[in-house]
Every structure is written in C-alpha cells, then in structure tokens.
Amino acid sequence: MYEASLTILKKIEENGFKAYIVGGFVRDKILNIESVDVDICTNATPKDLSLIFNDIKYTGLKYGSVTLIYKSIHFEITTFRKDIGYIDNRVPKKVKYIDNLVDDLKRRDFTMNTLCIDSNGNIIDLFSSISDIQNRVVKMIGNPKIRLKEDSLRILRAIRFATVLDFELDEELKKYIKKYGYLLKKLSKNRRKEELNKIFSSPNILKGINYLKELNLVEYLELVNFDNVKITSSIIGVWAQVGSNYSFSNHELEMIKQINELLNKDLYSPYNLYYYGLYVSHIVGEIKDIDKKIITKLYNDLPIHSRKDIDLNGKEIMDILSIKDTSKIKIIVKDLEVHILSCSIINNKDVLINYVLKKYK
C-alpha cells in the first residue's frame, strides 16, 4: 500500500502538481502501527485528477475529495482547501481551493494529523508534530477556543485519539473541551455513537471513560448510569448499560434486551444459561464480576445447549401424540427443555417418549 501511494504521488507530480500522503497513515507510521487507510492531499483539483487517473469516483466533491481505486486499493485524495465559515458548529459553509500546503494543514484538527510524506518518502513536519507524538499528547492546530466551536466533533475525536493511542490531552485543549462540551448536544447521535464506539471498543477504554467524566461530557452525550458502568470485553455490553438514548440495529437491540433481562435474573440458573447462551452470559458475568471460567464450566455442563440436542424432535412428538397443532408442540418442547435442564428427566428418547405419552396423550 505504501509503495502504491508513492506511485500515485509521482503520477500526480508528473502532471505538474504537488501531492503528499497526509494524516493518520503518517502518524501511525511514526508509532509503528499498521494502517490500511491512506489519505492524499494535492493542489490538483478533482477535475485535474480525473484527467490523470481513470478510476476516479466523486465521493466527496463538495469538499474537494475524490476516491481513487488503484491496484484494488481505495485512496482518498483531497484538494488543498480553506474552509470558510461553519454551519451548526459542524460543517464548513464553503470551501475554497488553494495552492498552499501549510494553509491546508492548518484547517486540520490535531498536530499529529498534519504530518506528510512526499513522493521520495521524506516526512514533512511543519507543526512540531513528531515532538507531540513522542510526548504522546493530543494538541490542537490553532486556538482550541476557535477550533472546537467550528466543529464540535473535534471534542470527541480528541478523546478518541487519547484513548486509542494512549495519549494525554493537552491542558489548553482540555480547558476548552470542558468549556464548550455543551456543543455536543447539537451533534447528531449517529456521529456521537461512531466516536463512542471507537472509545468503548478500545482496550484502553478506561482512559476514555475517565476523560468523559473529568471533562463533564456525560450529560451532553446523554449517557445514563455512567458512574456505575462496568467495562466488558464486548462493546454491546457497555452500550447495554449506558446507551438507552441511542439508536441501534435490530440485532443490537435484541442483544441489549437480553443482557438487561439476564442482569435481573439468576445467572447460575441452568435454564437462564441455556436460554441466553454463553455470549450474553459472559457479558452479564463481566458486569456482575463473576469469573468467566465459572460461567463457561456451568454452561458446558448443561445436558443440552439447544433444542436440536433434545433426543426427541417436534415431528416425532406430533407422530406419537397424533396431533398437528404446532403451538401445542412448542409448549411440549419447552416443557422438555425445563425438565432436562433441571435434571428431573434424562435426555433419552425412550424416557422422553414415556414422559410425553403420560403427560400429554
């Protein structure tokens, strides 16, 4: 990917323009983190780029961005620009193409994201970014008082970078995040959730949680029960505790429903372990501080783990009882589940047939 990126830069330069790899890829290269996203900035306009490359997709033309598919890899290429004014503390009113790399970098959020690489592989550091990376600090380009009011998403991005990279927030940045945290109320819940997902799924989640508390952002983010949140290995376990005001997919909603149901039930119950399954049981165990090994052993020791394990299926029950009412079959199967799991009957076909005939014939 890196070599392909340099080839693209040279191709753009051959046509009389400047081009650089910029942002996260360069930052991650300094940190020895493998990155799969490459952003390129250039003074070539989208129209210029369409004349240089065949596989240009106009994915963000409003902001001077296009996507180039080169060797089956997607590269985002953005024209040097200046953002003029902002709407709703979030998006620029207007963008103006410019011919100056420094001015383009000044519109970016944090110093660590302004590093560039030229076509010869040289790193260009115009804002002491390497020093900030080495000191593991998230520092804003320009005045945080102005930059955060321009785009409130930068508040969550700062905390996300500090969390994921295990950096500290610059003191001046912290001061203005605390002052302008209320701007997050205007940020869409989808954008909030995207950033919170990255914080909650980080191995360093505790740092993110502590920053959200320290900087008084919990109320503005509409997170509930946040003081008592327990860290889980699954992001859905965190959301189940704090995210009642957010939107989720149907699958996520079902998982959250099951987690919250099981939190109010006996996790050691064989039927609950069976009904909710090992995944949900592990999450609830983490919230309740129950050793994962204990839950795993209890689950593995269950006589059955699904209805398929019952040694008498629905069709066989219909045959021996000479009935066709499937709703009644469901009741009988549920009855068998309960008795097998409580070990009051053995999961053996003859035993189960005898039980069904005696009770339901």
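Because the structure is predicted, anything quoted here is derived from the model rather than measured. In this chain, residues are counted from 1 in sequence order. Only heavy atoms go into these numbers, but all of them, side chains included; no hydrogens, no water, no symmetry mates.
By the 30° and 60° cut-offs, the orientation of the rings of Trp239 relative to Tyr246 is tilted. Between Tyr271 and Tyr275, the ring planes lie parallel to each other; the angle is under 30°, not in the 30° to 60° tilted range.
Note that CG of Leu126 and CG of Leu101 are 6.0 Å apart. Values are rounded to the nearest 0.5 Å. Note that NZ of Lys293 is 13.5 Å distant from CG of Asn300, once rounded to the nearest 0.5 Å. If you take CD1 on Ile123 and CD1 on Ile130, they are separated by 5.0 Å, rounding to the nearest 0.5 Å. Atoms CG and CD, from Leu31 and Gln134 in turn, are 9.5 Å apart once rounded to the nearest 0.5 Å. Atom NZ in Lys106 sits 8.0 Å away from atom CG in Asn100 (nearest 0.5 Å). To the nearest 0.5 Å, atoms CD1 (Ile317) and OG1 (Thr326) are separated by 12.0 Å.
Not less than 6.0 angstrom separates the ring centroid of Tyr299 from the ring centroid of His282.
Environment of NZ in Lys96: sparse, with no more than 12 heavy atoms of neighbouring residues, nucleotides or ligands closer than 6.0 Å. The local environment of CG in Asn54 is sparse, with at most 12 non-hydrogen atoms from other residues, nucleotides or ligands closer than 6.0 Å. The number of heavy atoms from other shown groups lying within 6.0 Å of OH (Tyr58) is above 12. For CG of Asn120, the number of neighbouring non-hydrogen atoms (other residues, nucleotides, ligands) closer than 6.0 Å is greater than 12. The number of heavy atoms from other shown groups lying within 6.0 Å of NE2 (His305) is above 12. Sparse packing is recorded around NZ of Lys94, with 12 or fewer heavy atoms of other residues, nucleotides or ligands lying under 6.0 Å away. Counting heavy atoms of neighbouring residues, nucleotides and ligands inside a 6.0 Å radius, atom CD1 of Ile69 exceeds 12 of them.
In the hydrophobic clustering of ILVMFWY residues, with side-chain heavy atoms under 4.5 Å counting as a link, Tyr182 and Leu184 come out together. Clustering ILVMFWY residues whenever any of their side-chain heavy atoms sit less than 4.5 angstrom apart, transitively, puts Val26 in a cluster other than the one holding Val22.
Leu262 has its side chain within reach of Ser281: a pair of non-hydrogen atoms, C-beta onward, lies under 4.5 Å apart. For the pair Phe17/Asn15, a side-chain contact is recorded, criterion being any heavy-atom separation below 4.5 Å from C-beta on. For the pair Phe127 and Lys139, the minimum side-chain heavy-atom distance is 4.5 Å or more. Between Val66 and Lys57 the shortest side-chain heavy-atom distance does not fall below 4.5 Å. Side-chain contact between Ser5 and Leu9 is absent, with no heavy-atom pair separated by less than 4.5 Å. With contacts defined as side-chain heavy-atom distances shorter than 4.5 Å, the pair Ile124/Asp118 qualifies. Here the side chains of Phe248 and Ile256 are in contact, with some heavy-atom distance below 4.5 Å. For the pair Leu187/Leu221, no side-chain contact is recorded, criterion being any heavy-atom separation below 4.5 Å from C-beta on.
Every residue meeting the salt bridge (Lys or Arg N to Asp or Glu O under 4.0 Å) condition with Glu222, not counting sequence neighbours, appears here in chain and number order: Lys189, Arg192.
Counting only N and O atoms by type, the side chains of Ser234 and Thr232 include no donor and acceptor under 3.5 Å apart. Between the side chains of Glu76 and Thr67, no donor-acceptor pair is found at a separation under 3.5 Å. Side-chain contact of Asp99 with Asn43: a donor-acceptor pair under 3.5 Å is present, judged by distance alone.
Summarising the geometry of Ile133 relative to Arg27, their closest heavy-atom pair is CD1-CG, 3.9 Å, with the distance given to 0.1 Å. The minimum heavy-atom distance between Leu352 and Ile345, with the atom names listed, is CD2-CD1, 3.6 Å. Ile56 and Leu49 get closest at one heavy-atom pair: CG1-O, 3.8 Å. The shortest non-hydrogen separation linking Lys193 to Ser247 is NZ-O, 3.3 Å.
Under 4.0 Å is where a charged nitrogen must lie from a carboxylate oxygen, and between Glu194 and Arg191 at least one such pair does. Here Lys315 pairs with Asp319 in a salt bridge; the nearest charged N to carboxylate O distance falls below 4.0 Å.
Geometrically, Lys11 does not engage Tyr70 in a cation-pi contact, judged by NZ or CZ lying under 6.0 Å from the ring centre and within 45° of the ring axis.
A donor-acceptor distance shorter than 3.5 angstrom exists from the side chain of Ser249 to the backbone of Glu252, with no hydrogens or angles considered. Between the Thr111 side chain and the Ile141 main chain, no donor and acceptor come within less than 3.5 Å of each other.
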Margin query: For a side-chain contact (heavy atoms from CB on, under 4.5 Å) check, start with the C-alpha distance between Glu286 and Ser233, then their side-chain angles and the critical distance, and finish with the verdict.
Written below: CA-CA 8 Å; Glu286 289 175 324; Ser233 56; 2.9 Å; yes

Margin query: Using the rule given for side chain to side chain donor-acceptor pair (under 3.5 Å), can you reason through Lys265 versus Tyr276, listing the C-alpha separation, both sets of side-chain angles and the distance that settles it, and then say yes or no?
Written below: CA-CA 11 Å; Lys265 295 182 179 181; Tyr276 290 99; 2.9 Å; yes

Next item on the list: Just do the salt bridge (charged side-chain N to carboxylate O under 4.0 Å, His left out) check on Asp103 and Arg107 with the steps written out, would you?
Entry: CA-CA 7 Å; Asp103 287 341; Arg107 72 174 174 80; over 6 Å; no

Note to self: Between Ser129 and Asp132, is the side chain to side chain donor-acceptor pair (under 3.5 Å) condition met? List the steps.
What the structure shows: CA-CA 5 Å; Ser129 305; Asp132 289 338; 5.8 Å; no

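Screening Ile259, Asn260, Val229 for a side chain to side chain contact (heavy atoms under 4.5 Å, CB included) with Gln241, the sole residue that qualifies is Val229. Partner of Ser119 under the side chain to side chain donor-acceptor pair (under 3.5 Å) criterion, chosen from Glu13, Glu14, Lys10: Glu13.
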Please tabulate, for the side chains in residues 329-339, all donor-acceptor contacts under 3.5 angstrom to protein atoms that are two or more places apart in sequence or on a different chain.
{"from": "Asp335", "atom 1": "OD1", "to": "His339", "atom 2": "ND1", "distance (Å)": "2.9"}
{"from": "Asp335", "atom 1": "OD1", "to": "Tyr355", "atom 2": "OH", "distance (Å)": "3.3"}
{"from": "Asp335", "atom 1": "OD2", "to": "Tyr355", "atom 2": "OH", "distance (Å)": "2.7"}
{"from": "Asp335", "atom 1": "OD2", "to": "Lys359", "atom 2": "NZ", "distance (Å)": "3.1"}
{"from": "Asp335", "atom 1": "OD2", "to": "Tyr360", "atom 2": "OH", "distance (Å)": "2.7"}
{"from": "Glu337", "atom 1": "OE2", "to": "Tyr274", "atom 2": "OH", "distance (Å)": "2.5"}
{"from": "Glu337", "atom 1": "OE2", "to": "Arg307", "atom 2": "NE", "distance (Å)": "2.9"}
{"from": "His339", "atom 1": "ND1", "to": "Asp335", "atom 2": "O", "distance (Å)": "3.0"}

Let me have the donor-acceptor pairs involving side chains of residues 155-177, under 3.5 Å, with sequence neighbours excluded, atom names and distances please.
{"from": "Arg157", "atom 1": "NE", "to": "Asp109", "atom 2": "OD2", "distance (Å)": "2.7"}
{"from": "Arg157", "atom 1": "NH2", "to": "Asp109", "atom 2": "OD2", "distance (Å)": "2.6"}
{"from": "Arg160", "atom 1": "NE", "to": "Glu195", "atom 2": "OE1", "distance (Å)": "2.8"}
{"from": "Arg160", "atom 1": "NH2", "to": "Glu195", "atom 2": "OE1", "distance (Å)": "3.4"}
{"from": "Arg160", "atom 1": "NH2", "to": "Glu195", "atom 2": "OE2", "distance (Å)": "3.3"}
{"from": "Thr163", "atom 1": "OG1", "to": "Ile159", "atom 2": "O", "distance (Å)": "2.7"}
{"from": "Thr163", "atom 1": "OG1", "to": "Gly208", "atom 2": "N", "distance (Å)": "3.4"}
{"from": "Asp166", "atom 1": "OD1", "to": "Asn204", "atom 2": "ND2", "distance (Å)": "3.2"}
{"from": "Asp166", "atom 1": "OD1", "to": "Lys207", "atom 2": "NZ", "distance (Å)": "2.8"}
{"from": "Glu168", "atom 1": "OE1", "to": "Tyr211", "atom 2": "OH", "distance (Å)": "2.9"}
{"from": "Glu168", "atom 1": "OE2", "to": "Lys207", "atom 2": "NZ", "distance (Å)": "2.6"}
{"from": "Asp170", "atom 1": "OD2", "to": "Glu172", "atom 2": "N", "distance (Å)": "3.3"}
{"from": "Asp170", "atom 1": "OD2", "to": "Leu173", "atom 2": "N", "distance (Å)": "3.3"}
{"from": "Lys174", "atom 1": "NZ", "to": "Glu214", "atom 2": "OE2", "distance (Å)": "2.9"}

